[in-house]
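Reviewing the structure listed below.
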Amino acid sequence: MAPPRSFLWSRRIFLTLLTGFVLIPVYVMVSSSLKPLADVTGKFRWLPSGLTVRPYIDIWSTVPLAKYFMNSVIVAGAATILSVVIAVFAAYAVSRYEFRGKRVFTVTVLSTQMFPGILFLLPLFLLYVNIGNATGIALFGSRGGLILTYLTFSLPFSIWMLIGYFDSVPRDLDEAALVDGCGPLGALLRIVVPAAIPGIVAVAVYAFMTAWGEVLFASVMTDDTTRTLAVGLQGYSTLYNVYWNQIMAASLVVSVPVVAGFLLLQRYLVTGLTAGAVK
């Protein structure tokens with residue numbers, strides 16, 4: 001039975017409004033990034049009077065954007081790799097083995113997501129400073145300290161989601177691998193991990209996006225040499241001027257890795273999130 005015409009028109013109107021709501025800000029960003037600064041700070045025009053690619057050239061010299069970009073790649077990449085590796089082993093142990101404190105562990109991992117991240121800012125800051133004073137290990141103001149900070153957010157969710165995904169992988173695969181001569185580690189790496197690729201990709205994307213766009217901890221835990229992109233974009237706002245066209249251009253440039261990665265891994269991401277949400 002065909003739906004009524006009123007429903008079809010209502011759906012078209014709603015989708016049109018939703019599309020405009022999403023695309024209009026993108027158009028404003030793109031058009032503003034191609035305008036001279038005088039045109040951006042003046043009265044807004046939907047159709048630019050002149051276009052220039054100069055903002056995309058100046059963004060690399062106004063602030064050290066390349067250094068911030070490299071810092072973000074290193075921090076987000078390391079946090080993603082460590083989060084995935086640790087979460088795979090922890091989730092596999094919880095999914096396949098029985099041990100004392102298993103329920104307490106899973107509840108604790110899940111309960112960490114209940115607290116806002118700002119509650120951990122001051123304790124982590126004091127912890128890093130005290131560790132540096134006592135041992136000489138520079139965690140505050142370093143990439144390593146920021147990577148450990150991001151692990152405290154991404155790792156609990158990664159473990160929790162992979163537990164649900166590993167539970168959906170039949171245990172018969174593990175048993176067949178053990179019969180064929182594989183040990184527990186071999187069964188995990190050769191059988192379970194390939195079967196759980198969608199869930200692992202979903203965890204990796206989540207961990208990377210969490211680290212790539214985080215601002216609060218990066219603004220406190222970094223200095224001029226370890227500053228990431230999310231904080232470095234503030235450099236386009238000076239005491240005397242705000243380079244709006246360069247801010248728009250830089251925002252588009254730094255969004256390319258995340259958008260490209262999401263488009264390439266979208267199929268695995270949707271599959272992983274769906275499978276990991278239902279046991």
Side-chain angles (χ1 to χ4, degrees), residues 15-80 117-118 121 141-143 146-147 149-150 153 205-266 269:
L15 292 177
T16 301
L17 293 176
L18 182 61
T19 303
F21 181 78
V22 173
L23 294 182
I24 288 177
V26 176
Y27 171 76
V28 172
M29 287 185 62
V30 174
S31 63
S32 298
S33 68
L34 296 172
K35 294 179 181 178
L37 182 60
D39 291 350
V40 179
T41 56
K43 184 179 179 180
F44 177 76
R45 297 179 180 178
W46 288 100
L47 298 177
S49 57
L51 299 178
T52 177
V53 296
R54 191 67 193 176
Y56 287 91
I57 300 175
D58 293 339
I59 58 175
W60 306 98
S61 57
T62 302
V63 301
L65 189 64
K67 181 174 68 175
Y68 299 157
F69 191 90
M70 183 58 62
N71 289 335
S72 291
V73 169
I74 294 174
V75 170
T80 300
I118 194 173
L121 180 59
S142 67
R143 296 169 179 167
L146 194 59
I147 292 170
T149 301
Y150 290 154
F153 302 118
V205 172
Y206 167 79
F208 184 84
M209 293 181 65
T210 300
W212 186 263
E214 201 279 328
V215 176
L216 177 62
F217 285 86
S219 62
V220 176
M221 299 294 186
T222 60
D223 53 24
D224 292 338
T225 59
T226 59
R227 190 166 295 162
T228 59
L229 282 172
V231 182
L233 292 179
Q234 300 176 4
Y236 294 105
S237 176
T238 65
L239 182 62
Y240 304 102
N241 206 351
V242 180
Y243 300 97
W244 289 109
N245 54 347
Q246 295 187 37
I247 291 177
M248 298 298 178
S251 299
L252 291 172
V253 170
V254 302
S255 299
V256 169
V258 177
V259 174
F262 178 81
L263 293 177
L264 291 174
L265 302 174
Q266 182 180 10
L269 180 62

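Positions are given from 1, in the same order as the sequence printed here.
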Handout entry: With Asp58 via salt bridge (charged side-chain N to carboxylate O under 4.0 Å, His left out) - residues at least two apart
Key = Arg54
Problem - Under 3.5 Å donor-acceptor, Ser32 side chain and Asn245 backbone - result: no
Problem - Note, Asn241 side chain near Leu37 side chain (heavy atom, < 4.5 Å) - result: yes
Practice task
Give the intermediate values and the outcome of side chain to side chain contact (heavy atoms under 4.5 Å, CB included) for residues Val242 and Ser237.
Solution key: CA-CA 4 Å; Val242 180; Ser237 176; 3.6 Å; yes
Exercise for the section: Would you check if Val231 and Ser219 make a side-chain contact, meaning some heavy-atom pair closer than 4.5 Å? Expected result: yes
Handout entry: Closest approach of Asp223 to Gly141 (non-hydrogen atoms, all atoms of both residues)
Key = OD2-O, 3.4 Å
Exercise for the section: Could you tell me the separation between the OG atom of Ser33 and the CD1 atom of Ile247, rounded to the nearest 0.5 Å? Expected result: 12.0 Å
Exercise for the section: First locate atom CD of Gln234, then atom OH of Tyr68, and finally report the distance between them rounded to the nearest 0.5 Å. Expected result: 10.0 Å
Handout entry: Derivation and outcome, side chain to side chain contact (heavy atoms under 4.5 Å, CB included), residues Leu229 and Leu65
Key = CA-CA 7 Å; Leu229 282 172; Leu65 189 64; 3.4 Å; yes
Exercise for the section: Kindly check if the number of other-residue, nucleotide or ligand heavy atoms within 6.0 Å of CE (Met209) is above 12? Expected result: no
Practice task
State, to 0.1 Å, how close Ala211 and Ala76 come at their nearest heavy-atom pair, and which atoms those are.
Solution key: CB-CA, 3.7 Å
Practice task
To the nearest 0.5 Å, tell me how far Thr228 OG1 sits from Met70 CE.
Solution key: 14.0 Å
Problem - Over 12 foreign heavy atoms within 6.0 Å of CD1, Ile118 - result: no
Practice task
Could you list the residues that satisfy salt bridge (charged side-chain N to carboxylate O under 4.0 Å, His left out) with Arg227, not counting sequence neighbours?
Solution key: Asp224
Practice task
Compute the ring centroids of Trp212 and Phe69, then answer whether they are less than 6.0 Å apart.
Solution key: yes
Problem - Tyr150 and Phe217 aromatic centres sub-6.0 Å - result: no
Exercise for the section: Hey, could you give me the CE/CD1 distance between Met221 and Ile147, rounded to the nearest 0.5 Å? Expected result: 13.5 Å
Practice task
Could you please spell out the steps behind the side chain to side chain contact (heavy atoms under 4.5 Å, CB included) verdict for Arg143 and Asn71?
Solution key: CA-CA 8 Å; Arg143 296 169 179 167; Asn71 289 335; 2.6 Å; yes
Problem - Point-to-point distance, once rounded to the nearest 0.5 Å, from CD of Gln246 to OG of Ser251 - result: 11.5 Å
Exercise for the section: Starting at CG of Leu252, measure out to CE of Met248 and round the result to the nearest 0.5 Å. Expected result: 8.5 Å
Practice task
Taking the side chain as every heavy atom from C-beta outward, state whether Thr226 and Leu146 have any pair of such atoms under 4.5 Å apart.
Solution key: no
Handout entry: Side-chain H-bond candidate by donor/acceptor type, Tyr243 with Thr62, under 3.5 Å
Key = no
Handout entry: Any side-chain heavy-atom pair of Tyr236 and Ile59 under 4.5 Å
Key = yes
